[in-house]
Amino acid sequence: MSLTVAFWILAVMSVGTALAVIFARDIFHAALFLIVCFFAVAGIYVTLNADFLAAIQVLVYIGAVSVLLIFGIMLTREAKRGSPAGKLRIPALIVAFVLLGVMIGSILSFDWQPAAGMDEMVRTQDIAGLIFSENGYVLTFEIAGLMLLAAIIGAIVLVRKE
Amino acid sequence: MADIPEFAVWLIFLIPVFSAALIAVVIRPFFNNKAQFAGYITITSIGVSLLLSLWTLYSVLGSPHHELEFHAHQWVVIGSTQVSLGIMVDSLTATMLLVVSLCSLMVQIYSQGYMHGDPGYARYYAAMSLFTGSMLGLVLAGNLIQLYVFWELVGLCSYLLIGFWFHRPSAAAAAKKAFLVTRLGDFGLLAAILYLYFKTGTVDIGELHYLAVTGAIAASALTLAAIGIFAGAVGKSAQFPLHVWLPDAMEGPTPVSALIHSATMVSAGVFLVARMFPIFIGSETALTVVASIGAFTAIFAASMALVATDIKRVLAYCTISQLGYMMLGLGAAGLVAVEEGHVTLELAKAVTAVGIFHLVTHAFAKAMLFLGSGSVNHATGTFDMRLMGGLRKHLPWTYLTFLIGSVCMAGVWPLACFWSKDEILVKAFEMGDARMILFYLGMITAFMTAFYMFRAVFLTFHGAYRGGAHGEAHGKNDHGHGEVHLHESPKVMLIPLLLLMVLAITAGLANVTGWFDRFFGGHHVYAWSHLHEALWNPEVLRHSHYIPLISFVVALLAIDLASAIYNSRWISAEAIGRMFRSFYKVFYRKYWFDELYEQVIIVRVLVNGVFRICQVFDTYVVDGLVNGVAGGTMLAGRVIRKAETGRLQTYALVMFLGILIIIGLVYWIT
Amino acid sequence: MNYYLLTPEMCLAGAAIAVILLDLVIARKGILRFVSIAALAACIVVSIALWSRQDNDLFNGMIKVDQFAIFFKVLLSGVAILVLLASKDYVSKFSHFEGEYYGLILLSVVGMMLMAASRDLITIYVSLELTSISLYALVGFLKDPKSSEAGLKYLLLGAVASGVLLYGMALIFGITGETGLAEIASALPAGRIWENPLLLLGLIFLIGGFGFKIASVPFQMWVPDVYEGAPTTVTAYLSVASKAAGFAVILRVFLEAFGGDVLPDWTMIFAVLGAISMTLGNVIAISQTNIKRMLGYSSIAQAGYLMVGLAAATRVAEVDDPVLFGPTGLIFFLGCYALANLGAFIAIIAITNKIKSDSIDDFAGMGSHAPLISLALTLCLISLTGIPPTAGFLAKFYLFNTAVHHDLVWLVIIGVINSAISAYYYLRVVKVTWFGTPASTESVPSSLALRTALAVACLGVLVLFFYPSPLLDVARDAAQAVAGMVLP
Amino acid sequence: MEFSDFHPLSLIIFLPVVGALLIAIVPGLDSVAIKRFAAFFTFVSFALSLATFGLFDRSESGFQFAEMVSWIPQISVNYHIGVDGLSLPLVILTTLLGFLAVLLSWKVTLRPKEYFAWLLILESSILGVFCSLDLLLFFIFWEVEVIPMYFLISVWGGGRRAYSAMKYVIYTMFGGAMMLAGILTLYATAGTFDVTILAQTDFGGLVAVIPLAATFWLLLTAFAIKLPVFPLHTWLPDAHTDAPTAVSVMLAGSLLKMGGYGMIRICVTIFPDIARDYAHILVILAVIGVLYGAAITIRQTDLKRLIAYSSVSHMGYVLLGIFALSELSITGAALQMFSHGIVTGLLFAMVGLVYDKTHVRSIPELGGLARQMPIIALVFSIAGLASLGLPGTSGFVAEFTVFVGSFTSTTVAGIKIYTLLGALAIVVTAGYILWMLERVFYREPKSKYDGVGDADNLEKFYIFTLVVVIMLVGIYPRILTDVIDVWVTGMPLP
Amino acid sequence: MSIGLEHYLVLSAILFCIGLYGAVVKRNTVVVLMCIEIMLNAVNITLVAFSRYLVPESVVLEGQIFVIFVMVVAAAEAAVGLALIVSVYRNRRTVDASEIDLMKG
């Protein structure tokens with residue numbers, strides 16, 4: 001029951017803050033709503049027994065991504081122009097709603113067999129074991145490392161002035 | 001003397017053709033300064049042809065059925081189709097060979113004088129050689145394809161010769177007109193050849209003759225084929241309604257006109273009908289058409305000759321008219337033969353004697369008349385009779401020959417044309433019934449012929465001289481004969497004239513005894529003999545036996561009338577002209593046929609009508625569609641690229657829209 | 001484990017890091033290029049040596065260094081070598097960042113190679129992102145207005161597309177509970193695609209994500225802008241390598257995971273998208289005036305042709321010959337297209353370096369003062385048009401031949417008509433190059449490296465026309481390697 | 001040399017390419033050297049083709065001098081070439097015109113290197129089309145020809161050359177596209193590209209990917225564009241008019257024949273039954289083309305455009321002959337292709353000479369030229385007369401054979417009427433040819449052309465060469481019919 | 001009604017579409033980047049939900065591992081994205097998506 005309550009609160013919160021990100025006049029407010037949204041998503045992970053992911057969510061999204069974004073906002077000094085919306089509002093709205101309808105329709109029409117699920121917490125070791133085992137994702141992990149390297153080099157090259 | 005071997009017959013037309021090639025390829029390019037050799041070569045080669053023709057005639061006379069048998073030579077093989085080369089020599093061929101080579105020889109000799117000094121001398125003789133050679137080849141052709149080949153070559157040569165002075169717009173136009181009008185007729189001949197080949201699988205003339213008279217070809221098919229062949233003859237022989245080219249054809253040098261009007265070009269049509277007569281005789285319709293067109297053309301052309309002021313034009317209309325006679329003769333003789341009953345191949349060939357005999361006599365007379373008119377021109381520098389007069393004093397020999405020619409043409413006893421023309425009138429009369437109208441037309445034409453011929457004689461040679469070429473009627477380039485000297489022509493021009501005169505006087509005698517008819521395989525006795533006989537035995541007398549007499553009288557009346565108007569001037573020509581002003585105008589304007597053809601049909605209806613519509617359609621519809629599709633594609637490109645706004649959010653939206661469309665499509669299709 | 005199977009990737013990753021580090025200490029930057037090329041060459045040699053190995057699984061089947069993967073490794077390395085050779089005349093524009101440039105290229109090559117070899121959605125996704133992120137940076141590398149704008153557009157749209165792809169992968173994962181391609185294939189519910197909307201959604205999201213990479217309509221909108229703005233060497237690389245990797249991953253995923261009941265459905269979707277792509281690309285390319293932009297649209301059209309190969313991946317009872325299998329044609333086409341497109345771009349690099357303009361009109365008269373380069377450009381454009389005697393012709397012919405054998409005559413007719421349309425804009429460039437009035441008469445300088453690259457490309461274009469059999473055999477083996485579900 | 005060891009075809013085809021490469025590669029060639037190179041290589045090719053003609057076995061109906069090398073074994077594509085009675089005359093026509101085209105271009109001064117290289121490549125590609133016995137090879141040569149044509153028209157042409165060149169390319173590529181689709185469907189059905197095998201294939205037992213009739217039409221469309229057949233002809237007047245003289249000669253003389261050749265070699269030989277099914281509509285199109293082309297020709301005021309449009313009309317006879325589907329009519333079509341090649345080639349050469357001398361092509365502006373340029377007038381007249389089918393020229397032999405063959409064909413209902421309608425065009429043809437001759441060469445000479453010269457010796461050489469060929473075929477058609485006959489009797493006609 | 005897989009999936013879909021709408025509509029490219037992050041988060045919810053609910057007896061760990069990698073990717077993308085935004089800003093003095101249209105057509 002508590003799970004249900006938590007879900008609804010978190011769900012409303014995440015959707016609400018996501019909408020707020022979009023409709024906020026002030027770009028800083030948008031960033032803040034985004035952080036709240038990330039928190040809500042972290043909470044949702046918890047309701048899904050993925051505590052480890054929730055932790056990473058907080059660390060990566062709030063600790064890194066959000067900060068980056070705020071840096072971006074400040075570096076570009078666009079805050080004074082607010083956060084206006086473009087001309088494509090109506091078509092975008094239609095597309096978004098139709099797509100949402102299609103997605104929800106598809107999801108609900110699918111015959112989900114294991115609707116109940118397990119309440120057992122996922123152990124971090126299991127995740128680590130799968131990532132770092134030879135039968136798991138150790139290569140992927142290495143690729144992700146290369147990707148970060150590429151991102152770092154790219155970011156440096158792009159931002160550094162000659 | 002032995003029978004002529006086959007190769008010698010081939011040589012009859014090959015020698016002139018080779019001489020043409022020799023002049024064109026060797027003399028003209030490399031020895032143009034010795035152009036006189038071109039004349040000698042031509043005269044020699046045609047002379048040889050004449051000798052060989054005589055030999056041929058001799059051999060034909062000596063052979064059974066008056067026919068020499070030669071086998072065809074295989075030429076081209078395509079699959080199951082074989083085309084052969086062969087020659088056909090019978091009495092018709094032999095006659096034509098003689099007439100053609102003789103007339104041509106006379107004309108070539110005459111040209112030595114007439115064309116002397118012309119810059120195109122060699123070219124002239126090359127074309128003349130080829131012209132003669134083609135005509136001889138046409139006469140000898142053993143199958144229709146061969147015949148068609150020479151038929152077209154004759155047309156080509158007439159084109160080259162009529163347009164000999166190509167720098168004169170009128171000559172260039174006349175040459176083109178001649179070729180095109182005859183080609184229209186050729187289309188009919190071509191269609192007939194295709195049709196006959198389709199029906200019988202052969203183009204061999206001998207085989208076709210046989211198949212036609214044995215009934216192997218249906219009568220309706222014969223009618224179609226005969227009409228097609230006749231269309232070709234109508235074009236070449238300038239019959240109504242394709243007569244328009246011949247009067248203009250006088251734009252060529254006068255000797256050319258002489259040749260065209262006598263033995264080569266126009267007689268080819270008559271020859272063709274005679275050659276294919278077994279096909280015509282199988283179809284009464286076709287024969288009626290031939291006779292009717294002939295009779296109508298005869299009077300139709302004569303009417304225009306009445307008012308022509310150009311001496312060559314008078315002669316030209318006269319030619320058309322006489323060709324009409326020949327057609328009438330062929331058609332009428334055929335119809336009479338059909339009425340008399342069973343038609344055999346021999347009979348079918350024999351009845352052509354009537355038309356061909358007139359062809360022969362007319363050829364000599366007409367060649368002489370044209371050469372005479374050339375002689376007149378040589379002296380006066382013009383062809384306009386209004387500018388002549390009184391020339392008999394200055395050109396006595398020319399006057400003599402021209403007079404004899406006219407008398408002959410008018411059908412006065414005992415000159416050549418009298419005999420042949422009367423035979424035609426007799427046949428026309430014998431047809432009876434409604435076809436009698438053709439006879440009356442012929443008789444009226446006889447009157448008109450005598451009248452206009454003597455009108456020409458009187459205007460040209462009698463009265464007082466009216467000034468020659470001061471009117472610049474033909475411009476300064478006129479023949480290179482601009483200098484007026486009222487002198488008789490040189491001997492080289494007179495001798496052929498005199499030779500032809502002899503023939504024009506005597507040629508008719510060939511049939512006085514019916515010899516010519518028999519030569520063609522017939523058994524008729526000439527009407528004049530009947531009359532002669534009937535005078536002593538009145539009980540055998542028939543109406544038709546009076547006809548020669550009547551026509552003789554008619555001719556004399558016409559000559560008197562012409563004399564009254566143009567010589568003694570008892571009657572004013574102007575007054576008559578005023579009296580029949582509307583007729584005069586119609587005749588003088590040639591029934592507006594030139595205008596109808598050139599301005600209405602060709603220019604208005606075709607070139608600026610149908611053809612223009614085609615062109616507009618091509619430019620704006622066919623090509624417009626192509627350019628429209630291309631332009632549409634480009635335009636589409638330019639429009640669609642507008643969607644590439646440069647704004648990344650449009651792009652993102654398109655992505656999602658695309659996803660939705662794909663999903664929609666998947667469901668829509670299933 | 002057979003880690004040596006990963007030698008090429010390790011080699012390149014090491015070289016990338018080495019190049020970046022060496023950049024700090026070495027003054028002669030030419031050495032960096034040499035090192036990179038050496039690494040790529042080594043990668044080619046090693047890959048070829050691994051060609052016929054049977055035992056080629058790694059990480060429990062997550063990576064498979066089969067002939068398919070090896071083909072793409074060789075192709076991508078070769079492309080990278082040619083691009084790096086041609087970069088010699090271009091890198092001066094990158095001022096201090098040469099090492100990073102080479103490093104990023106090498107890293108992207110690693111990503112692409114892994115895309116072709118991966119058989120697990122997670123690895124595929126991460127490899128794809130490795131490629132993408134390197135390319136985002138490379139596109140914006142010049143840092144001038146156009147380049148950075150192109151980079152930003154590429155990144156934002158690429159991120160959206162990767163979001164779509166990811167959602168698709170998530171749905172597939174949700175439906176099957178697996179991330180490995182082989183496992184997905186066996187866990188996939190039976191039935192055609194319209195019987196399972198969620199699977200349809202997932203598949204179409206996958207197509208969207210991958211379609212972005214290969215520049216298929218309607219995910220192609222970024223192409224002209226990015227091609228125009230990116231450094232020309234990067235455009236060349238992007239137009240060939242990125243597209244090749246995109247097709248590699250599509251072939252891998254769709255043939256290995258979706259070779260079952262839904263095979264006819266996604267091939268039909270690709271057929272339709274291909275038809276639209278080629279038409280749209282060609283029609284808009286006609287009105288372009290910027291050569292890079294024009295080639296951008298042309299690459300959309302070429303993607304359309306390539307998709308014919310995807311469409312002809314169906315199972316047809318009468319045709320079980322791998323020679324007539326669509327992907328065989330696709331792989332062959334990719335090889336020919338890579339050479340021709342690279343050749344064209346290398347020639348353009350040489351010419352634009354001199355004339356400082358991307359406008360087609362400014363190519364006027366290049367034929368007289370840069371005859372060889374113009375000749376090469378001509379040859380490559382003719383190959384792209386698909387006119388003999390060039391590889392492009394045979395490629396198109398072969399590809400369409402496979403399509404006809406799979407009952408796609410309608411698509412082939414659209415394709416061949418499009419070839420005709422494309423002649424319009426390709427030949428216009430050729431004509432301007434040779435017969436326009438030149439603005440100047442100075443010769444066009446180019447380095448030996450660039451000329452070598454150009455010569456290799458052109459020679460390849462010709463050789464593949466006259467002697468295509470070896471590449472066809474390779475293509476057949478490669479296609480057979482991924483098409484276990486479809487081919488007997 | 002043993003008969004069987006003589007493999008001249010590859011040499012004939014590729015010698016011009018070798019010449020082109022040498023011209024392009026050898027540095028420092030001056031314009032005269034380039035022309036001599038070109039003349040040499042084209043002449044050798046011509047001489048070899050004559051030798052082939054001489055050695056051709058006139059009693060054997062199959063392909064001779066065949067060469068076969070495996071090329072793409074995966075889809076059984078071979079380099080397979082050979083000639084038979086249909087292709088041999090066209091090969092000779094092409095090598096002859098190729099050689100003469102080089103001579104015709106002797107006065108080209110703009111970029112001679114590129115010009116002659118392209119011209120020689122063009123010749124090779126046309127030869128390749130006529131010799132190929134493998135459909136892919138055929139198609140390759142067919143497509144290769146586009147590039148040289150594009151450059152030759154768009155660079156060395158006149159008038160709206162860019163438009164015309166692009167129009168030509170797009171039309172040809174469009175046709176090529178159709179043909180490619182046709183070839184592929186044919187391959188998918190029969191499993192071979194080899195023409196000789198396809199000709200003997202019984203399609204009744206095969207499963208076709210698309211209806212065979214559709215394949216037939218795909219292929220036919222390509223050939224119809226090239227021939228050209230109404231309503232796909234509008235590229236022709238533009239391309240011919242704006243191309244340089246030698247290219248017009250090649251285009252009209254040789255290139256158009258690819259269409260007719262393809263129709264016979266592929267459409268009729270491989271699908272005789274389908275050809276019969278659709279012969280009716282094609283014969284109607286042929287007659288429309290003949291009459292419609294002639295009608296438009298009369299209206300032209302540009303000398304070159306007039307000749308160009310006349311091709312539409314004359315090639316209609318080829319189509320008529322082909323789809324009348326009788327031995328004789330197809331022979332006629334083959335003859336007409338050869339004849340039209342020589343005659344119209346000569347006509348274009350003459351137009352080029354007139355234009356060279358006077359720099360005028362507008363017919364109303366010309367006039368009376370026969371006085372100033374008698375040789376040109378003479379040869380132009382001969383060519384014109386050959387074009388209107390005068391006996392003694394090749395035009396007559398060809399047209400007459402087509403008429404007889406079509407008229408007596410039993411395949412198409414109403415063919416007699418169509419043939420006669422088509423034959424009616426001989427009058428219109430005579431009209432436009434003679435009217436043109438009259439307006440250009442006859443009438444009063446114009447003083448502004450007084451200084452223009454006549455043909456020089458080189459020009460005389462090539463125009464009289466063509467005249468000789470025209471007369472030779474006209475007088476002794478056996479020289480061609482003997483070769484054609486062995487092939488046509490072996491044709492699978494319905 | 002207890003919370004099940006569908007709830008999470010629908011929530012995820014809603015968030016995805018919100019992100020989508022924002023990404024298409026917002027003119028500030030930084031906000032666009034934020035919206036893209038929302039989309040990725042939405043997908044992550046789906047993945048985690050699947051990994052929780054898919055198999056009755058055990059968690060499918062691949063889902064969670066996928067999420068970890070997505071987060072890494074998201075961070076990297078954000079970094080490069082911001083670098084590019086800064087680069088554009090330096091050149092153009094704007095980060096307005098509707099003004100970044102030097103290249104079009």
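Letters A, B, ... mirror the listed sequences (proteins, then strands); counts begin at 1.
Residue L15(E) touches chain A through its side chain alone, counting heavy-atom pairs closer than 4.5 Å. In this structure, chain A has heavy atoms under 4.5 Å from both the backbone and the side chain of Y8(E). Heavy atoms closer than 4.5 Å to chain A are found nowhere in T29(E), neither backbone nor side chain. Both the backbone and the side chain of I18(E) come within less than 4.5 Å of a heavy atom of chain A. Contacts of A64(A) with chain E are absent, with no heavy-atom separation under 4.5 Å from either backbone or side chain. Using a 4.5 Å cut-off between heavy atoms, I45(E) contacts chain A through both its backbone and its side chain. Looking at T47(A), the atoms closer than 4.5 Å to chain E (heavy atoms on both sides) sit in the backbone and in the side chain alike. If you measure heavy-atom distances from V60(A) to chain E, the contacts under 4.5 Å come from the side chain alone. At a 4.5 Å heavy-atom cutoff, V88(E) makes no contact with chain A through either its backbone or its side chain. In this structure, the portion of F52(A) lying under 4.5 Å from any heavy atom of chain E is its side chain and not its backbone. Of the two parts of L9(E), the backbone and the side chain both hold a non-hydrogen atom closer than 4.5 Å to a non-hydrogen atom of chain A. The part of F38(A) that comes within reach of chain E is its side chain, from C-beta onward, which places non-hydrogen atoms under 4.5 angstrom from that chain.
Note that OG of S51(E) and CG of L53(A) are 7.5 Å apart. Values are rounded to the nearest 0.5 Å. Distance check: L88(A) CG to K26(E) NZ gives 13.0 Å after rounding to the nearest 0.5 Å. Distance check, rounded to the nearest 0.5 Å: NE2 of H7(E) to OG1 of T4(A) gives 8.0 Å.
The aromatic rings of Y21(E) and F23(A) sit tilted relative to each other, their planes meeting at an angle between 30° and 60°.
The candidate with the highest count of non-hydrogen atom pairs below 4.5 Å against chain A, out of I14(E), V67(E), N41(E), is N41(E).
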